[in-house]
Amino acid sequence: MNEVIKTINNLRSIRKFSEEIINDDKLKIILNSAIRAANASSMQSYSMIVVKEREIMKSLTGYTGSVAIVYCVDYFRYLKLAEYLDHSYDVFDIISFITGTIDTILAAQTSVIAAKSMDIDSLITNGVNRMGLDNAFEILNLPEKGCFPLITVIFGYSNEKSKKKHGRLNDSSIIHYNKYSKLTEENIRTLVETYNNYDNPLGLINNWEELGLKNYLDWLFTRWLGSNNLNSTNDGLKSFYDILKKIGFLKYSNFKM
Ligand SMILES: Cc1cc2nc3c(=O)[nH]c(=O)nc-3n(C[C@H](O)[C@H](O)[C@H](O)COP(=O)(O)O)c2cc1C
């Protein structure tokens with residue numbers, strides 16, 4: 001196995017970091033790696049905001065580490081460039097948002113891999129959604145148009161001893177050849193059992209039986225997706241849509257709350 005594949009195989013989410021600081025040379029490598037990711041129309045439709053203050057990380061995401069990078073979908077730069085050159089550019093819509101999201105996520109994941117290759121661990125988190133998007137706009141002084149704090153990565157040195165690798169689905173329900181193969185009832189039964197396998201945990205918890213549930217997926221659908229998910233609370237969903245609308249990405253949408 002070559003070193004890159006080994007690095008990718010060793011990726012895991014770390015939630016407790018030591019006090020050790022990532023030095024600026026390594027931070028620069030992480031940032032420079034991120035910008036090497038492919039990006040649509042060569043527009044790099046993202047910005048990366050580096051946060052070193054632990055208190056700010058905490059109030060933004062609920063987590064702390066040595067450094068946090070907030071990866072924002074960002075077209076504000078182009079808005080300003082177009083304005084300066086007297087072009088009528090304001091094509092923010094849901095397609096721009098999706099395209100910018102792809103650019104942003106590729107940059108984020110590339111930096112996660114670069115960090116791991118230097119023994120720096122990380123946690124990808126959407127904690128900003130839980131802590132409040134308005135809060136993030138204020139703390140980070142985000143522009144009023146075209147910029148959305150999509151995802152944060154907390155980087156640091158792990159304080160979790162010999163963290164076990166989290167399982168993954170790796171079967172025909174995930175990987176298809178030539179065409180999509182729809183799940184049979186047998187496949188579905190197998191999947192439910194795969195999620196129930198304590199020896200290869202795929203999910204977020206392992207005590208669903210203690211909680212009176214037969215299957216892990218019963219917990220996922222009723223407890224996790226039922227209560228914790230942003231989409232399940234009208235307020236969370238409304239704030240998400242309101243902000244997307246305000247910054248210009250829902251221009252052509254008929255969405256009504
Ligand atoms: C979009 C996204 C958001 C996530 N948000 C959180 C989070 O807020 N808190 C957390 O503990 N883990 C978060 N994670 C990490 C996942 O829980 C983790 O990747 C998954 O459980 C698999 O574990 P592993 O990365 O260690 O293999 C997030 C991952 C992604 C991709």
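Atoms within a ligand are numbered from 1 in the order they appear, just like the ligands themselves. These numbers come from the heavy atoms of this one structure, side chains and all, not from hydrogens, waters or symmetry mates.
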So if I count the atoms of ligand 1 from 1 in the order they appear, which ones are less than 4.0 Å from some heavy atom of [X]?
| X | result |
| --- | --- |
| Arg168 | 22 (C), 23 (O), 24 (P), 25 (O), 27 (O) |
| Arg12 | 26 (O) |
| Thr125 | 4 (C), 5 (N), 6 (C), 7 (C), 8 (O) |

What I want to find out is whether [X] reaches [Y] closely enough, with some N-O distance under 4.0 Å, to be called a salt bridge.
| X | Y | answer |
| --- | --- | --- |
| Glu55 | Lys58 | no |
| Lys238 | Asp242 | yes |
| Arg12 | Asp121 | no |

The option among Ile124, Ile151, Ile105, Thr61 carrying the non-hydrogen atom nearest to atom 6 (C) of ligand 1 is Ile124
With heavy atoms only and a cut-off of under 4.0 Å, state how Arg15 meets ligand 1: side chain, backbone, both or neither. side chain
Counting neighbours of NZ on Lys16 that are heavy atoms of other residues, nucleotides or ligands and sit closer than 6.0 Å, is the number greater than 12? no
Glu160 atom CD: more than 12 heavy-atom contacts under 6.0 Å: yes
In the protein, what heavy atom is nearest to [atom], and what distance, to one decimal place, separates them?
| atom | answer |
| --- | --- |
| atom 18 (C) of ligand 1 | Ser13 OG, 3.4 Å |
| atom 8 (O) of ligand 1 | Arg130 NH2, 2.6 Å |
| atom 9 (N) of ligand 1 | Tyr63 OH, 2.7 Å |

Side chains of Ser111 and Tyr71: donor-acceptor distance under 3.5 Å anywhere? yes
Without hydrogens or angle criteria, can the side chains of Thr184 and Asn187 be said to hold a donor-acceptor pair below 3.5 Å? yes
Protein non-hydrogen atom below 4.0 angstrom of atom 20 (C) of ligand 1 present: no
